[in-house]
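The structure appears below as structure tokens.
Keep in mind that this is a model prediction, so the values were computed, not measured. Note that the numbering runs from 1 along the sequence shown for the chain.
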Amino acid sequence: MAESNFVDYVKIYCRSGKGGRGSMHLHRAKYQPNGGPDGGDGGRGGHVYLRGNHNYWTLLHLRYERHVFAGHGGNGSKCCSHGADGEDRYIDVPCGTVVYDSETGKYICDVTEDGQTVMLLKGGRGGLGNWQFRTSTNQTPRYAQPGEPMQEMTVILELKLLADVGLVGFPNAGKSTLLSSISSARPKIANYPFTTLEPSLGIVPYRDSKSFVMADIPGIIEGASEGKGLGLRFLRHIERNSLLLFMVPGDTDDIRKEYGVLLGELEKFNPGMLDKHRVLAVTKCDLLDEELMEMLREELPEDLPVVFISAVTGLGITGLKDVLWQELNSERNKIQSISEGGSMIHRDKEVASFDRDFADWEDGLAVEDGEDIEELTDFEYEELEDEE
């Protein structure tokens, strides 16, 4: 994965801009010896936004951009001049990106649509100048407000691919072969375990110019939740899928047992994934005859649709598409999506997992000239000297 361009997990440090200082200035003119206060307000600090962009499909562009700083607000000046607002920063992310606080593990937001904008950090407000504090009893205020401090946060960006159907199976179960045979996707296919090292998406055409999106993830094995094989890292890419297609080879000794193992690993990763609709596909059926397939059908689970397929010969592929399309558009599936509010429920993460995944991550922050890296926590009026 170190040499792959598929990056779905990054850590960045974000900082909004601090507000500009209000001006404490007294108006001076040749024929106005008592011109009064005219100090302007400071500008607000820049905000930090997250923005969905369908032109990105990984987080590769953020892998080496570890720091995102918004601009600071300008200070107010004489003649009631308002300070310039700080420059806002937009972090473009692919649709399906989930954001967590790296220090607490709390879920922050989820960007799922192109153009969706979420404010991640708010810039500090600019301080008021002394012109704002003039009253009938205090006609020459000699104080102004400092700007509000900036906000900072280190966040974890986690990409979860958006697809309709997710493929679940052991290594060499025929997932990549199926995806390449029914879509234009070209995942790597070879005769050894863990050929697929990164998720792949494919658009599967259906009747009457209809289509649906299928996601292929690296194979999982028994004990993956304990770190065996490639672990369960890539299972987050099928958390959004409304339908899961379990794939078990027809030459397996016990298809029901292997299906149960896959189901158990999903439950350990996220118990909510068991509520998704499931279809079982028995692959590599070109090695089986009709009599053997009928015998296997009697031993398979009865609580989900079962399809016998062969991606090499095309056996059962049309029937598989029909079953998948029927399950995707079933009333039960639609009712479930509406009851869940149209989106998945995100759980908070354990901070220990972040520390383990980013053990070698360094922020590399440097203190700017004349700037204290520690934020001000108090917001008070500040006595300032007269500005000439």
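Tyr107 and Tyr100 have perpendicular rings, their planes meeting at more than 60° on a 0 to 90° scale where under 30° would count as parallel. Note on ring orientation: taking the six-membered ring where Trp is involved, the planes of Tyr259 and Phe246 are perpendicular (angle over 60°, cut-offs 30° and 60°). The aromatic rings of Tyr13 and His67 sit perpendicular, their planes meeting at an angle over 60°, well past the 30° parallel limit.
Using a cut-off of 4.0 Å between Lys/Arg side-chain N and Asp/Glu carboxylate O, Asp114 and Arg51 are scored as not salt-bridged. Contact check on Arg89 versus Glu65 returns a salt bridge, with a Lys/Arg side-chain nitrogen under 4.0 Å from an Asp/Glu carboxylate oxygen. A salt bridge links Asp322 to Arg207: at least one charged side-chain nitrogen sits closer than 4.0 Å to a carboxylate oxygen.
To the nearest 0.5 Å, the span separating OG1 on Thr283 from CZ on Phe308 amounts to 11.0 Å. Between atom OH of residue Tyr143 and atom CE of residue Met24 there is a gap of 11.0 Å, rounded to the nearest 0.5 Å. Rounded to the nearest 0.5 angstrom, Met119 CE and Ser16 OG are separated by 9.5 Å. Distance check: Leu262 CG to Glu265 CD gives 8.0 Å after rounding to the nearest 0.5 Å. Rounding to the nearest 0.5 Å gives a distance of 5.5 Å between OG of Ser242 and CG of Asp164. The distance from the CH2 atom of Trp131 to the SG atom of Cys79 is 12.5 Å, given to the nearest 0.5 Å.
By the 6.0 Å contact criterion, NZ on Lys122 is open, its count of non-hydrogen atoms from other residues, nucleotides or ligands being 12 or less. Counting heavy atoms of neighbouring residues, nucleotides and ligands inside a 6.0 Å radius, atom CD of Glu258 exceeds 12 of them. Surrounding CG of Leu274 are more than 12 heavy atoms belonging to other residues, nucleotides or ligands, all under 6.0 Å away. The local environment of CG in Asp303 is crowded, with over 12 non-hydrogen atoms from other residues, nucleotides or ligands closer than 6.0 Å.
No side-chain donor-acceptor contact under 3.5 Å links Asn138 to the backbone of Arg134. Counting only distance, with no hydrogens or angles, the side chain of His47 and the backbone of Gly123 share a donor-acceptor pair below 3.5 Å. Of the possible polar contacts, none joining the Gln326 side chain to the Val323 backbone as a donor-acceptor pair under 3.5 Å is found. The main-chain N or O of Leu128 is found under 3.5 Å from a side-chain atom of Gln145 such that the two form a donor-acceptor pair. Ser81 places no side-chain N or O within donor-acceptor distance of the main-chain N or O of Gly40, the cut-off being under 3.5 Å. A donor-acceptor pair is defined here as one N or O able to donate and one able to accept, closer than 3.5 Å; such a pair exists between the side chain of Glu148 and the backbone of Arg125. Formation of a donor-acceptor pair under 3.5 Å by the Arg256 side chain with backbone atoms of Leu300 is found in this model. Judged purely by atom type and a 3.5 angstrom limit, Asp85 uses its side chain to pair as donor or acceptor with the backbone of Arg44. Looking at Thr252, its side chain never comes within 3.5 Å of a backbone N or O of Ile255 through a donor-acceptor pair.
A chain of hydrophobic side-chain contacts below 4.5 Å, direct or via other Ile, Leu, Val, Met, Phe, Trp or Tyr residues, connects Leu62 to Val7. The hydrophobic clustering, which links ILVMFWY residues whose side-chain heavy atoms are closer than 4.5 Å, places Val168 and Leu263 together. In the hydrophobic clustering of this structure, Ile317 groups with Leu328; members are Ile, Leu, Val, Met, Phe, Trp, Tyr whose side-chain heavy atoms approach within less than 4.5 Å, directly or through other members. Residues Leu324 and Tyr206 share a hydrophobic cluster, clusters being chains of Ile/Leu/Val/Met/Phe/Trp/Tyr side chains in contact below 4.5 Å. Val312 and Leu315 fall into different hydrophobic clusters, where Ile, Leu, Val, Met, Phe, Trp and Tyr residues are linked whenever their side-chain heavy atoms come under 4.5 Å apart, directly or through other members.
Side-chain contact between Thr97 and Leu59 is present, with heavy atoms from C-beta onward closer than 4.5 Å. In this structure, Met247 and Leu167 have side chains that are in contact, with non-hydrogen atoms separated by less than 4.5 Å. Within the 4.5 Å cutoff, side-chain heavy atoms of Leu120 are placed close to those of Cys14. Within the 4.5 Å cutoff, the side chain of Val99 has no heavy atoms near those of the Val118 side chain. At least one side-chain heavy atom of Leu26 sits less than 4.5 Å from a side-chain heavy atom of Asn130. With contacts defined as side-chain heavy-atom distances shorter than 4.5 Å, the pair Asn53/Pro94 does not qualify. Counting only heavy atoms from C-beta outward, the side chains of Leu157 and Val93 approach each other to under 4.5 Å. Contact annotation: the side chain of Asp92 never approaches that of Asn55 to less than 4.5 Å [non-hydrogen atoms, C-beta and beyond].
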Decide side-chain contact (heavy atoms from CB on, under 4.5 Å) for Thr154 and Lys11; before the verdict, give the C-alpha distance in whole Å, the side-chain angles of both, and the deciding distance to 0.1 Å. CA-CA 7 Å; Thr154 303; Lys11 180 178 182 179; 3.4 Å; yes

Which is it for Val155 and Ile12 under the side-chain contact (heavy atoms from CB on, under 4.5 Å) test, yes or no, and what are the steps along the way? CA-CA 6 Å; Val155 297; Ile12 60 176; 3.6 Å; yes

Run the side-chain contact (heavy atoms from CB on, under 4.5 Å) check on Leu121 and Met153 step by step: do they pass? CA-CA 8 Å; Leu121 294 176; Met153 180 187 301; 3.9 Å; yes

Taking it one step at a time, do Val204 and Val213 satisfy side-chain contact (heavy atoms from CB on, under 4.5 Å)? CA-CA 6 Å; Val204 181; Val213 181; over 6 Å; no

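Side-chain contact check for Ser180 and Thr177: no donor-acceptor pair (N or O, by modelled atom type) lies under 3.5 Å. With no hydrogens or angles considered, a side-chain donor-acceptor pair links Asp38 and His25 at under 3.5 Å.
Of all heavy-atom pairs spanning Pro305 and Glu327, the tightest one is CG-OE2, 3.6 Å. Contact detail for Asp101 and Ile108: the closest heavy-atom pair is N-CD1, 3.6 Å. Pairing each heavy atom of Ile156 with each of Ser102, the nearest pair is CG1-CB, 3.8 Å. Closest heavy-atom contact between Lys284 and Pro249: CD-CB, 4.1 Å. Smallest separation of non-hydrogen atoms from Ala144 and Gly22: CB-O, 3.6 Å. The two residues Pro301 and Leu304 come nearest to each other via the heavy atoms CB-CD2, 3.4 Å.
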